[in-house]
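Take a look at the structure below.
Remember, it's a predicted structure, so these values are computed and weren't measured experimentally.
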Amino acid sequence: MPSPFPGMDPFLEQPSVFPDFHDRLVTVLSEMLNAQLSGSYYAGIGTRVWIETSERTIGPDVQILRPDWRPDAAETNRLEQSRTAVLDEVDVVPVTIEIEHDETRESFLEIYASPGGERLVTHIELLSLSNKLAGSKGNELYLRKQREIMDAQVHLVEIDLLRGGEHTTAPPRWRIERKAGLFHYHVSLHRYDKSLDCVVYPIPLPARLPKLPIPLLPGDGEVMIDLQAAVDRCYDTGLYSRRVEYRLDRLTPPLAPAYQEWAANILARKAGGQPA
């Protein structure tokens, strides 16, 4: 069953859904690329791994939570007495506090060429929730990798299918909006042989996702991937029609007021004419 939305389904952006969708889409894009690449080219899936010690939720990890400890009345009285007691000597007793370490993994795509695959040609990123969380380790590592790629002889393709979070792709958002107006999603393509430019595909919410040219080495042209077809395949194979609760009042991040009625009409048609 296809998504009710014509382009990117905003309900797939929710933190409980997007990490799963992210990994599925990376896999589907790699399959679409390898079906077209010839000669010595191939697309491989890479992984970034890092440890977070923050209490904030920054990525696709599943967390097991427990209530904070609170002292009972007797314990509270004992603690208060210990604070006010006059003691001649106080022993310093160390205590061990456990720090939660959350391991985060992110997948991305890379196209290689030459015998043995030693030549990295194109780096493709599908931005994650942690990539766009300002101040997080995921954001720091992503921006560092972005700079490394743009300083090398490697093409960079950045796909942002998240409305929320900090703008993270290479071209500044204000420059894109000055030329293209407001947008919800976008793709940025930086070719290393045209290092002063980024080609940006600004995508408004009601639009179908575009077909994208993925550059190879100069002289070898490019291959095309149909981003909408890839998202549609993920929606079907991931069974998101069973997993997503289509309620606008629970959508995270919420839609702007101008798109609330548009989305409500789509969901009403999906429900057989019942109001969303």
Side-chain angles (χ1 to χ4, degrees), residues 1-13 17-46 106-113 120-128 131 149 154-163 168-171 176 180-181 183-192 194 197-218 220-241 243-244 262-263 266 270:
M1 179 182 295
S3 165
F5 290 89
M8 175 61 184
D9 187 330
F11 285 85
L12 297 180
E13 299 175 58
V17 177
F18 192 82
D20 180 82
F21 171 73
H22 176 282
D23 290 347
R24 289 180 185 276
L25 186 53
V26 168
T27 299
V28 168
L29 291 174
S30 71
E31 293 170 351
M32 295 175 74
L33 285 168
N34 280 329
Q36 300 181 70
L37 292 171
S38 60
S40 60
Y41 287 100
Y42 71 91
I45 298 176
E106 279 183 350
S107 54
F108 52 84
L109 274 171
E110 291 184 323
I111 297 178
Y112 291 88
L120 174 59
V121 177
T122 306
H123 183 87
I124 304 172
E125 289 276 2
L126 175 61
L127 269 67
S128 70
N131 295 154
I149 293 295
V154 179
H155 306 301
L156 174 62
V157 180
E158 299 174 287
I159 303 172
D160 187 351
L161 297 180
L162 290 164
R163 290 170 294 125
T168 309
T169 59
I176 305 174
F183 59 92
H184 298 93
Y185 314 107
H186 70 289
V187 178
S188 171
L189 169 56
H190 177 265
R191 298 175 184 260
Y192 76 81
K194 299 180 181 179
D197 298 323
C198 281
V199 177
V200 178
Y201 296 76
I203 307 167
L205 190 59
R208 284 182 60 83
L209 300 174
K211 295 180 179 180
L212 302 172
I214 305 300
L216 305 176
L217 289 173
D220 287 348
E222 57 197 25
V223 294
M224 300 295 296
I225 56 171
D226 188 333
L227 187 56
Q228 186 65 61
V231 168
D232 290 346
R233 189 193 302 181
C234 289
Y235 189 88
D236 287 338
T237 58
L239 299 178
Y240 294 114
S241 61
R243 300 164 61 179
V244 174
W262 170 80
I266 288 177
K270 176 181 182 294

Quick check: closest heavy atoms across [X] and [Y], and the distance to 0.1 Å?
X      : Y      : value
His186 : Ile176 : CD2-CD1, 4.2 Å
Ser188 : Thr169 : CB-CB, 4.3 Å
Phe183 : Pro202 : CB-CB, 3.9 Å
Asn34  : Ala43  : OD1-N, 2.7 Å
Gln36  : Val223 : OE1-CB, 4.1 Å
Leu120 : Val154 : O-CG2, 3.6 Å

Do [X] and [Y] come close enough that some side-chain heavy atom pair is under 4.5 Å?
X      : Y      : value
Val231 : Leu161 : yes
Leu189 : Leu212 : no
Asp226 : Met32  : yes
Pro10  : Tyr185 : yes
Ile124 : Leu33  : yes
Tyr235 : Ser241 : yes
Met8   : His184 : no
Thr168 : Asp160 : no

Which is it for Asp20 and Arg243 under the side-chain contact (heavy atoms from CB on, under 4.5 Å) test, yes or no, and what are the steps along the way? CA-CA 11 Å; Asp20 180 82; Arg243 300 164 61 179; 3.3 Å; yes

May I ask you to decide if Tyr192's main-chain N or O and His155's side chain share a donor-acceptor pair within less than 3.5 Å?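 Yes, His155 side chain to Tyr192 backbone: donor-acceptor pair under 3.5 Å.
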
Can you check whether Leu209's main-chain N or O pairs, donor with acceptor, with Gln228's side chain at less than 3.5 Å?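 Yes; at least one donor-acceptor contact below 3.5 Å.
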
Test side-chain contact (heavy atoms from CB on, under 4.5 Å) applied to Phe5 and Ile266, step by step: CA-CA 7 Å; Phe5 290 89; Ile266 288 177; 3.8 Å; yes

So Ile45 and Leu109, side-chain contact (heavy atoms from CB on, under 4.5 Å) or not? Walk me through it. CA-CA 5 Å; Ile45 298 176; Leu109 274 171; 3.9 Å; yes

Atom [atom1] of [X] and atom [atom2] of [Y]: how far apart are they, to the nearest 0.5 Å?
X      : Y      : atom1 : atom2 : value
Asp220 : Ser40  : CG    : OG    : 7.5 Å
Asp23  : Ser107 : CG    : OG    : 4.0 Å
Ile214 : Tyr41  : CD1   : OH    : 13.0 Å
Arg191 : Thr122 : CZ    : OG1   : 9.0 Å
Phe18  : Arg24  : CZ    : CZ    : 13.5 Å
Ser128 : Glu106 : OG    : CD    : 3.5 Å

Between Phe21 and Tyr240, how do the two ring planes meet: parallel, tilted or perpendicular, split at 30° and 60°?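 Plane angle over 60°, so perpendicular.
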
